[in-house]
Q: 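First the structure, then my questions, so here it is.
In the text below, chain A, chain B and the rest are named by the order of the sequence lines, each starting its count at 1. Computation of the quantities below employed the complete heavy-atom set of this structure, encompassing side-chain atoms and omitting hydrogens, waters and symmetry-equivalent molecules.
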Amino acid sequence: MAPKPESWIKPLPQGLFVEPGGFFVDPVRAADRAVVTHGHGDHARPGNGAVLATAGTIAIMRSRLGEGAGKSLQAAAYGERIDINGVGVTLHPAGHVLGSAQVLLEWQGSRVVVSGDYKRRPDPTCALFEPIPCDVFITEATFALPVFRHPPDEEEIGRLLHSVALFPERCHVVGVYALGKAQRVIALLRRAGWDKPLWLHGALMELCQLYQSLGVDLGELRHATEAKKEELAGSIVLAPPGALADRWSRRLPDPVSAMASGWMRVRQRAKQRGVELPLVISDHADWDELCQTLEDVNAGEVWVTHGREEALVHHAALKGRKARALSLVGFEDDEA
Amino acid sequence: MNRFAHLLDALVFAPARNTKLRLLSDYFATTPDPDRGWALAALTGNLGFTNAKPAMVRGLAAERLDPLLFDLSYDFVGDLAETVALIWEPQTRGHNEPLHLAAIVEALQGAGRAEVPRLFETWLDRLDAQGRWALIKLVTGGLRVGVSARLAKTALAEWGKVPVEQIEEVWHGLAPPYPELFAWLGEGGPVPAPDTMAAYRSAMLAHPLEESEIAALEPSDFRAEWKWDGIRVQLVAGPGIVRLFTRTGEEIGATFPDILEAAAGLHVVVDGELLVRFGAEVAPFNDLQQRLNRKTVDRRLLEKFPAAVRIYDILFEGTEDLRSLSFDERRARLETWYARATPPPDRFDLSPLVTFASWAELAEVRAGSAALGSEGIMLKRRSSPYLAGRPKGHWYKWKRDPDTVDAVMMYAQRGHGKRSSFFSDFTFGCWLEDLEGQATELVPVGKAYFGFTDAELAELDKWVRHHTVQRFGPVAQVEPKLVCELAFDSVSRSTRHKSGLALRFPRIARIRWDKPANEADRVATLVARVK
């Protein structure tokens, strides 16, 4: 009989520990051995010893953390099974950002999948999520409330372009998280036919260039700081969310401040941030996707990590699945 | 309905007036009748449904949704309409036929209370989240999208390229969904006939008078009146009808039943100031404030804050339009009418003319205006007809110099829209003192967010950033070091601030970079100026 999952996978203050393998998944504090699901700062932390991740994630970690990315970095392809002290580790696409992965862990006949952060809808900048059948599914729960239902991306991008047409003398500045959201919004704009140069806040440039070097076409990107003010009228600028209401934005001509995030679904959240044009574009699964994923992976047991665990645990229980909240610390409600 | 929902949604998020105007004109220009007319009615507060209540919406949600999931969601979102709109799962997907605003309005108007829940449920199933939110807001009342009736009319005026005054004139003769109005503005149709009985006529407004301009004016060409510190109103009374409008044409009669009742039987259109008045004594503006913006007024309020109109002009007597007469002629007609019609004197009196021979004499009179509850002097050219809008060279307001106080900046908050990257809203305080007269504690007296130039704003912003000691979300607490001279119209008792005082209309008159904070004014000096 396969071992009980809690006998070999343990939520510790340092992160999720795979005991027989002697490694952590997305450790919160530097660990000797880590498997990293994706490059966001709350999952890929500096100072680990040996790191296993996808090539995309390793490239992102190197770019963001430099030497701090880890002492030895091992890249695994999606679907490639790697043995760590008898534990089978296989990375599968999570559809969250470039390089993002779910981690399938196999030990003595027990199969556990750690989802990392994920979404289900297609994203031109990364591989599509693959449901992996398993005994235990450890899922994120960022948007685990039935109020979170992300509309189709094209609709949201369409609203942005409509506003640009309605206010041609103003500049539209879109707040985007630097890793993933920025590149996805750019790719979606290109897909919608916006072929003019896009202007970027300096903090976004490096990762965009990295994406381009990894084969994601983002079209012509320019530094917003190098533009003349008149040039930016009628244009679209992307900046980190924090820059929207900061002094940086004063260089922009009469900006319409937009923000691309799943939180924009709730008006009050958007109003609090002074956003004029909220765009519901998220790199996390919405409520329907979370619920559908539980069906797809058909795990007998569901562990819910960071986010609004209570609702998803309740939903899983209603569907007859064993479910519990892990309450891992250290993960943030990012600008998802 | 989708277009209306898009409009409401965009309006909620648009901070700037110009953006709102653009969104509204775009909507009126591109939406067919009668949808746009119903939207206009909703935006101007002329559309109400009594057969749908928030409790019904909640009840529908409870039938469909798991209670724990609903409660968790409501806790997170905090607004019932939005929670239900977001959480609702349509049962019949793929209903492609668009749902029009007009269809909803007409169905609701015809439906009995018992039918409404089922109707509502089908609509929730057919709309998307934004549409559901707009529907719930529309039906349960209170759109709260930051659009006044005046702003909606201004957008119509911009779209139709007519003066907004002309829309005001015809407005009260029209009813939703306003087909004649849109035919006129959009398709060059005939101007709708104003309802002469009940129409609002655009008020004549005054220019502020600068001290430097006064020498060029000839005293004998002008009449002077006190400038009262109330709100400007127009009373329209005729057979079977009495209406009270603000100077933007909004009807406020429902809030002032005491005025309407006293005007019954009159047949006149007069221009005047709405005040709270006890006999001859005019109460401070603060008292009038207790009566404004209330949906209902009870007897206690009516007795505690009796309203009155102090009349200063007559526009119509009976059906005779007097607006082309000169001020002097109208004044004579006003006095004769008042003597003959004898309206209740506790509700209606005439604003007296102030006699003067020279500007110097009038300046002295003006200096004493505070004692009367007046904020200065109005100058009206004797030969001027009653003209809509703010025509140049006819009427002037000559306000008493404002009172000032030196106060210390305590908190700063970021502004909105163009000012969102600037700390531009400031809270100021004055000192409490101990028995020896030493400054002990700084307590807030008011908030000021204008009076400075763009260059000064940039300096203030920089100062705040360098002197922030603590942050509370968007609010920065600053070191109590910067003194500003605040100008204000009056000071009254208030429970809003810890000082127990509130300044009326405070603005920054001067930034006193030079002045040490402990030399700023004491709360006691303000207390002495409470009227």
Q: Less than 4.5 Å to any heavy atom of chain A: does that hold for the side chain of B:Trp133, its backbone, both, or neither?
A: side chain

Q: Under 6.0 Å from the NZ atom of A:Lys196, do we count more than 12 heavy atoms belonging to anything else shown?
A: no

Q: Quick one: what part of A:Val275 sits under 4.5 Å from any heavy atom of chain B, side chain, backbone, both or neither?
A: backbone

Q: Using non-hydrogen atoms only, which part of A:Pro255 is less than 4.5 Å away from chain B: side chain, backbone, both, or neither?
A: neither

Q: Among B:Leu65, B:Val84, B:Thr83, B:Val77, which residue has the highest count of heavy-atom pairs closer than 4.5 Å to chain A?
A: B:Val77

Q: Can you list every pair that meets salt bridge (charged side-chain N to carboxylate O under 4.0 Å, His left out) and has a residue in residues 255-265 of chain A, with sequence neighbours left out?
A: none

Q: Applying a heavy-atom distance below 4.5 Å, give me the residues of residues 460-472 of chain B that approach chain A, sorted by number.
A: B:Asp461, B:Arg465

Q: At a 4.5 Å cut-off on heavy atoms, which part of A:Phe148 comes close to chain B: side chain, backbone, both, or neither?
A: side chain

Q: Can a salt bridge be assigned to the pair A:Asp296 and A:Arg120 using a cut-off of 4.0 Å between side-chain N and carboxylate O?
A: yes

Q: Just to verify, what does A:Arg184 make a salt bridge (Lys or Arg N to Asp or Glu O under 4.0 Å) with, not counting sequence neighbours?
A: A:Asp123, A:Asp153, A:Asp283

Q: Please look at B:Asp66 and chain A and tell me whether the side chain, the backbone, both or neither of the residue comes under 4.5 angstrom of a heavy atom of that chain.
A: side chain

Q: Using heavy-atom distances under 4.5 Å, tell me whether A:Trp287 contacts chain B through its side chain, its backbone, both, or neither.
A: side chain

Q: When A:His284 is tested against each of A:Lys119, A:Glu140, A:His150, A:Glu289 for side-chain hydrogen bond (donor to acceptor under 3.5 Å, both in side chains), which residue passes?
A: A:Glu140

Q: Could you tell me if the ring centre of A:Tyr177 sits under 6.0 Å from that of A:His40?
A: yes

Q: Between B:Phe423 and B:Tyr449, does the ring centroid distance fall short of 6.0 Å?
A: no

Q: Donor-acceptor pair, distance only, cut-off 3.5 Å: does the side chain of A:Ser261 make one with the backbone of A:Trp263?
A: yes

Q: Specify which of A:Pro278, A:Ala270, A:Ser249 makes the most heavy-atom pairs with chain B at under 4.5 Å.
A: A:Pro278

Q: Is A:His223 reaching over with its side chain to a backbone N or O of A:Thr225, donor-acceptor style, under 3.5 angstrom?
A: no

Q: For residues 7-14 of chain B, which side-chain donor-acceptor pairs fall under 3.5 Å, sequence neighbours excluded?
A:
{"residue": "B:Asp9", "atom": "OD1", "partner": "A:Arg267", "partner atom": "NE", "Å": "3.0"}
{"residue": "B:Asp9", "atom": "OD1", "partner": "A:Arg267", "partner atom": "NH2", "Å": "2.8"}
{"residue": "B:Asp9", "atom": "OD2", "partner": "B:Gln130", "partner atom": "NE2", "Å": "3.0"}

Q: Between B:Ile87, B:Leu72, B:Leu86, which shows the greatest number of heavy-atom pairs under 4.5 Å with chain A?
A: B:Leu86

